[in-house]
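Here is the structure we will look at.
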Amino acid sequence: MTEKLDTLWYTRCPVPTGLGIAIQQGWLEDAFRAQGTSLSSLLESSDFSKRESHFSHTVRNSVRHGGNIPAISARARGRDTRVIGLSWADETQLILASPESGITSVRDLKGRRFGLPNWKNVEIDFSRAQAVRGLENALRLEGLEVADVEIVDQDIDTHYSEGQAETIGGTLAWNGRSTSRARANNLELIALLRGEVDAIFLKGAHGAQVAHQFGLTTVIDTGVHPDPLVRANNGTPRTLAVDGHLIDHHFDAAVTIVEQVLRAEAWAQAHPSEVRRYLARETNSSEYWVSIAYGEDAQKRLKTDLAEQSVAAIQDFTDFLHRWNFIPQSFDVRDWIDARPLEAAQALPIAV
């Protein structure tokens, strides 16, 4: 039975998502206001536990669209969450080396120092997990394993959720602690520039911009490999997930979420220039680097569904996270998926 929902908590990652566009357009807020429901941002909350829910999905009646590692982690730790959509927008996934290292190919990585972030006080170290995935996938293309390189941990004592965010001009910005946060988010890059490591992993618009800005050598971009399982990582595919309480008690709200995501993605197909501007704000980057990282046709890659390729990739990635001890157990992702809100939303006319 659907009950009245007072507040929907939402959060999304600074990456291309239909939810992000629906929020920036004001469509999500308008749709829920018509139902008597207010919207609140987890990342903009002054409550640490609510901000932390962006990574742990502990807040009731919340939706998250973004990188799949935190969502998988929450499910693996027994939290009642449901995936109601998957979106696959390929992005650059770069292994970068300093020019002084002489590394120009994946085989050159053998025996060299690879910098990995190591967040000590977080439930799930998604930045380390995605870097290990990119490294392992690249090495296996050449018959190598992660054990063939020297891992150099970059220890980080702070927490992802330190500092409250706020939306400024459509861009999610952080408060006065942003300097320490930015340093923590770039510790492996700093180590590379200092010559303390030989190579690192970066992705997306930030990775593409950093590679150019510092004249780094791109060893490989696994984000353009023809095999989708080589491209499968934290952002491919991204999860649209809600908690079980929302599905069980406010099913219409789940349908409305998917409806507005599909509306945003349908609008995007005919508005490539506007989409680049939206994604530049969403990623806190420029339109140029959005095009480099996500393609000139980035608007065409905004599509939320439950395609078999995406389901298979999520399963493969979940098994990877368990194999590397990032999560306590693996699970059958098909049991995690609830297709009903997507099916209901697809049956509705899309108002663009």
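Starting from 1, each residue takes its place in the sequence as its number.
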Using only heavy-atom distances, determine whether the side chains of E274 and W267 contain a donor-acceptor pair under 3.5 Å.
no
Flag the pair T58 / E52 as yes when at least one side-chain heavy-atom distance between them is below 4.5 Å, and no otherwise.
no
Intermediate values then yes/no, salt bridge (charged side-chain N to carboxylate O under 4.0 Å, His left out), R12 and E44
CA-CA 11 Å; R12 84 278 193 189; E44 295 179 69; 5.4 Å; no
Carboxylate-amine/guanidinium contact E123 R79, below 4.0 Å:
yes
Hydrogens and angles aside, do R231 and Q93 bring a side-chain donor and acceptor to less than 3.5 Å of each other?
no
If you round to the nearest 0.5 Å, how far is CG of D221 from NZ of K203?
12.0 Å
So, do Y294 and W289 have ring centers that fall under 6.0 Å from each other?
no
Polar side-chain atom of S53 near backbone of S56 as donor-acceptor pair, under 3.5 Å
no
Can you see which heavy atom on S286 is nearest to which on A280, and at what distance?
C-CB, 3.8 Å
Between D153 and D155, is there a donor-acceptor pair closer than 3.5 Å when you use the side chain of the first and the backbone of the second?
no
Will you find, in the side chains of D47 and S45, an N or O donor that is under 3.5 Å from an N or O acceptor?
no
Heavy atoms of other groups near H212 NE2, more than 12 under 6.0 Å:
no
Compute whether any side-chain donor of one residue and acceptor of the other, for W88 and D90, lie under 3.5 angstrom apart.
yes
Indicate whether any N or O donor in one side chain lies under 3.5 Å from an N or O acceptor in the other, for S40 and T7.
no
I314 backbone acceptor or donor facing T318 side chain under 3.5 Å
yes
Taking side chain as C-beta onward, heavy atoms only, is H57 less than 4.5 Å from P70?
no
With distance as the sole test, does D243 use its side chain to make a donor-acceptor pair with the main-chain N or O of N61 at under 3.5 Å?
yes
W336 versus T239: any side-chain heavy-atom pair under 4.5 Å?
yes
Determine whether the side chains of Q260 and R263 contain a donor N or O and an acceptor N or O closer than 3.5 Å.
yes
Would R64 count as a cation-pi partner of Y10, with NZ or CZ less than 6.0 Å from the six-membered ring centre and within 45° of the ring normal?
no
Before giving the answer on side-chain contact (heavy atoms from CB on, under 4.5 Å), spell out for Q130 and I69 the whole-Å C-alpha distance, their side-chain angles and the decisive distance to 0.1 Å.
CA-CA 8 Å; Q130 68 186 12; I69 293 175; 4.2 Å; yes
Do D319 and S330 get their side chains close enough for a donor-acceptor pair, meaning under 3.5 Å?
yes
Report whether V59 and I247 are members of the same hydrophobic cluster (ILVMFWY, side-chain heavy atoms less than 4.5 Å apart, transitive linking).
no
Cut-off 3.5 Å, side chains only: do Y288 and Q209 have a donor facing an acceptor?
no
Quick one about T236 and N233 (side-chain donor to acceptor, distance below 3.5 Å, no hydrogens or angles considered), yes or no?
no
In this structure, CG of L116 is separated from CG of L135 (nearest 0.5 Å) by 6.5 Å
If only side-chain N and O atoms count, and only distance matters, is there a donor-acceptor pair under 3.5 Å linking E3 with H250?
no
Do T37 and R33 meet the criterion of a side-chain donor-acceptor pair at a distance under 3.5 Å?
no
Any donor and acceptor pair, going by atom type alone, linking the side chain of D108 with main-chain N or O of S105 inside 3.5 Å?
yes
Are there over 12 heavy-atom neighbours, none belonging to R323, within less than 6.0 Å of that residue's CZ?
yes
Could you tell me if the side chain of I156 sits less than 4.5 Å from the side chain of K120, heavy atoms only?
no
Below 4.5 Å, heavy atoms only, C-beta onward: do T17 and V261 meet side chain to side chain?
no
Test salt bridge (charged side-chain N to carboxylate O under 4.0 Å, His left out) on R301 and E296 and set out the steps.
CA-CA 10 Å; R301 307 184 187 199; E296 291 284 351; over 6 Å; no
I'd like to know if the side chain of R128 reaches the main chain of P117, judged simply by a donor and an acceptor atom lying under 3.5 Å from each other, with no hydrogens or angles considered.
yes
For R75 and T81, indicate whether the former's side chain and the latter's backbone hold a donor-acceptor pair under 3.5 Å.
yes
Among T283, T92, N186, which one satisfies side-chain contact (heavy atoms from CB on, under 4.5 Å) with H206?
N186
Between R112 and S101 (side chain of the first, backbone of the second, donor and acceptor by atom type, cut-off under 3.5 Å), is there such a pair?
yes
Between K4 (side chain only) and G36 (backbone N and O only), is there a donor and an acceptor less than 3.5 Å apart?
yes
As an exercise, state the distance from CG of L302 to CG of L19, rounded to the nearest 0.5 Å.
11.5 Å
Side-chain contact, heavy-atom cut-off 4.5 Å: L86 with T304?
no
One should read off an interatomic distance between E259 CD and L342 CG, to the nearest 0.5 angstrom, of 12.0 Å
Could you tell me whether the side chain of V219 reaches within less than 4.5 Å of the side chain of T104, counting heavy atoms only?
no
Please check: side-chain N/O of D248 versus main-chain N/O of H245, any donor-acceptor pairing under 3.5 Å?
no
Hydrophobic cluster identity match, F114 and F126, side-chain contacts under 4.5 Å:
yes
N-O pairing of E142 and K110 below 4.0 Å:
no
Does the pair D198 and E100 meet the rule for a side-chain contact (heavy atoms from CB on, under 4.5 Å), with working shown?
CA-CA 9 Å; D198 302 306; E100 296 78 15; over 6 Å; no
